[in-house]
Q: 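Next up is a structure, given as structure tokens.
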Amino acid sequence: MAQNVVPDRLLFFDTTLRDGEQSPGCSMTHPEKLVMAHALDDLGVDILEAGFAIASEGDFQAIQAIAREVRRPRIASLSRAKREDIERAAAALEPAERARIHIFLASSDIHLQYKLKISREEALDRAAESVALARTYVDDVEFSPEDSTRTDMDFLCKIVQVAIEAGATTINMPDTVGYTVPDEYRNMFRTVRERVPGAEKVVFSAHCHNDLGLAVANSLAALEGGARQVECTINGIGERAGNAALEEVAAALMVRQNHFRMDHGIRLERLYPVSQQLAKIISFGPSPNKAIVGSNAFAHESGIHQHGVLSNPLTYEIMTPESVGVPSNRMVLGKHSGRHALRSRLSELGYELSSEDLEAAYRAFTELADRKKAVYDQDLMNLVAHHRRHADLIAAEPVGEA
Ligand code: KIV
Ligand code: ZN
């Protein structure tokens with residue numbers, strides 16, 4: 001029986017282990033893929049694209065092992081619109097509790113002409129045949145007209161229609177080269193959903209690349225256009241500039257719940273731990289200024305910001321660090337910091353200062369901060385110890401000290 005039920009909540013399709021893994025510096029061993037698959041299950045993703053079964057023996061084995069071990073999410077394998085790919089994907093997914101074959105076939109003229117060297121008519125035939133073949137193995141087939149955003153609209157509607165008629169249950173319209181902009185992508189979904197007969201029976205999906213830094217914005221726009229599945233990766237890893245970052249999409253839906261009003265199954269407090277897990281496995285972590293999971297995402301150095309956050313975090317934070325699994329916000333002490341942050345940090349270190357002592361400590365701190373890029377806890381402790389020796393900070397007794 002076909003699925004054909006459009007969900008009332010947003011589905012998260014994670015492709016960290018496929019689109020993410022196929023980018024430089026991101027390859028993972030078989031055991032590492034299993035660790036990540038369990039972490040993604042724990043995070044709450046709905047569909048887990050475990051690899052591209054025909055790409056290598058290693059990918060085949062990893063998909064098979066994940067299908068065997070990870071039982072809650074639906075497990076997907078990528079496949080070209082070819083018999084041998086579909087058969088290989090079906091074999092790898094055989095142990096899965098719930099399986100999906102994800103078929104992609106280029107639809108833009110530039111891809112048809114220069115990459116596949118086939119006509120539009122041939123593409124339509126291959127789309128229909130491959131989806132129908134996949135449906136003989138699984139009841140859940142996703143079809144992606146690759147490079148949808150550079151595809152002629154009439155032809156995009158045609159190929160989507162053919163795929164739906166052949167039994168596709170999800171239609172993904174990828175922005176393969178990260179070319180589109182939010183308004184255009186939103187309208188693409190609206191137009192296809194309006195024009196294609198049977199569109200109401202399938203789930204539409206967004207899959208965005210970040211070549212212009214718009215992957216998350218475009219994904220969110222697609223939701224406004226009627227997409228109910230979003231394809232993402234942890235830390236936004238993926239081909240070239242990467243894919244839409246799962247943690248950013250999920251956090252946007254939380255912070256702007258008043259705008260999107262969409263339920264989903266992601267456990268937000270698992271976002272940071274999963275991001276850290278991935279960073280340990282692959283050869284790089286998120287950049288410090290990366291939204292949600294970067295080390296500066298909840299760090300404050302300037303005095304005005306630090307004062308605000310210490311009075312009420314909502315002044316400069318639109319979500320709490322804890323809500324996305326980050327242990328706590330971080331006050332970075334540097335030359336832009338003020339007395340409030342210094343007092344707070346010294347207090348955390350066990351030093352309660354009088355106003356005069358704080359003033360003396362602050363003078364010493366700003367001199368030091370002018371010379372050093374960041375002032376660490378050890379610097380502060382040295383600073384207090386130095387001044388106590390010189391009797392400037394006589395009253396600065398660490399709490400609990402005899
Ligand atoms: O970016 C893309 O077009 C893809 C497809 C295989 C869905 O990753
Ligand atoms: Zn992609």
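Predicted, not measured: the structure shown is a model, and the values here were computed from it. Each ligand, and each atom within it, is numbered from 1 in the order the structure gives.
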Q: May I ask you to list the atoms of ligand 1 that are less than 4.0 angstrom from any heavy atom of D19?
A: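 Atoms satisfying the 4.0 Å criterion: 8 (O).
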Q: In terms of side-chain geometry, is the basic nitrogen of R240 or D211 positioned less than 4.0 Å from the acidic oxygen of its partner?
A: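 Answer for the salt bridge query: yes.
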Q: As a test of reading the structure, name the N/O/S atom of H209 that is nearest the Zn ion (ligand 2).
A: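 Going through the N, O and S atoms of H209 one by one, NE2 ends up nearest to the Zn ion (ligand 2).
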Q: side-chain hydrogen bond (donor to acceptor under 3.5 Å, both in side chains) for H259 and E224? Distances and angles first, verdict last.
A: CA-CA 10 Å; H259 180 81; E224 293 167 345; 2.8 Å; yes
Q: Would you call the rings of F52 and F104 parallel, tilted or perpendicular, where under 30° means parallel and over 60° means perpendicular?
A: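 Aromatic pair F52/F104 classed perpendicular.
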Q: If you have a sec, read the angle at the Zn ion (ligand 2) from H207 atom NE2 over to D19 atom OD2, to 10 degrees.
A: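 Roughly 90°, rounded to 10°.
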Q: Quick one: which of T170, N172, T176 gives a side-chain hydrogen bond (donor to acceptor under 3.5 Å, both in side chains) with S144?
A: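 With S144 as partner, T170, N172, T176 yield a single side-chain hydrogen bond (donor to acceptor under 3.5 Å, both in side chains), made by N172.
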Q: When you check the gap from the basic side-chain N to the acidic O, do K115 and E146 get nearer than 4.0 Å?
A: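 Looking at K115 and E146, the cut-off is met.
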Q: Under 4.0 Å from a heavy atom of H209: which atoms of ligand 1 are those, numbered in the order shown and with their elements?
A: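 Matching atoms, with element in brackets: 1 (O).
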Q: Hey, which atoms in ligand 1 end up nearer than 4.0 Å to a heavy atom of H102?
A: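 Here the atoms of ligand 1 in question are 7 (C).
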Q: Geometry only, no angles: is H207 polar-contacting ligand 1 at N/O separations under 3.5 Å?
A: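 Looking only at distances, the answer is yes, because the N/O contact criterion of under 3.5 Å is met.
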Q: Considering R18, E239, E146 one by one, which has a heavy atom nearer to atom 8 (O) of ligand 1 than any of the others?
A: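 Answer by nearest heavy atom: R18.
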Q: One residue to check: T176. Relative to ligand 1, which of side chain, backbone, both or neither has a non-hydrogen atom less than 4.0 Å away?
A: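 The part of T176 near ligand 1 is both the backbone and the side chain.
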Q: Check R270 with E247, please: is the shortest side-chain N to carboxylate O separation under 4.0 Å?
A: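 Looking at E247 and R270, the cut-off is not met.
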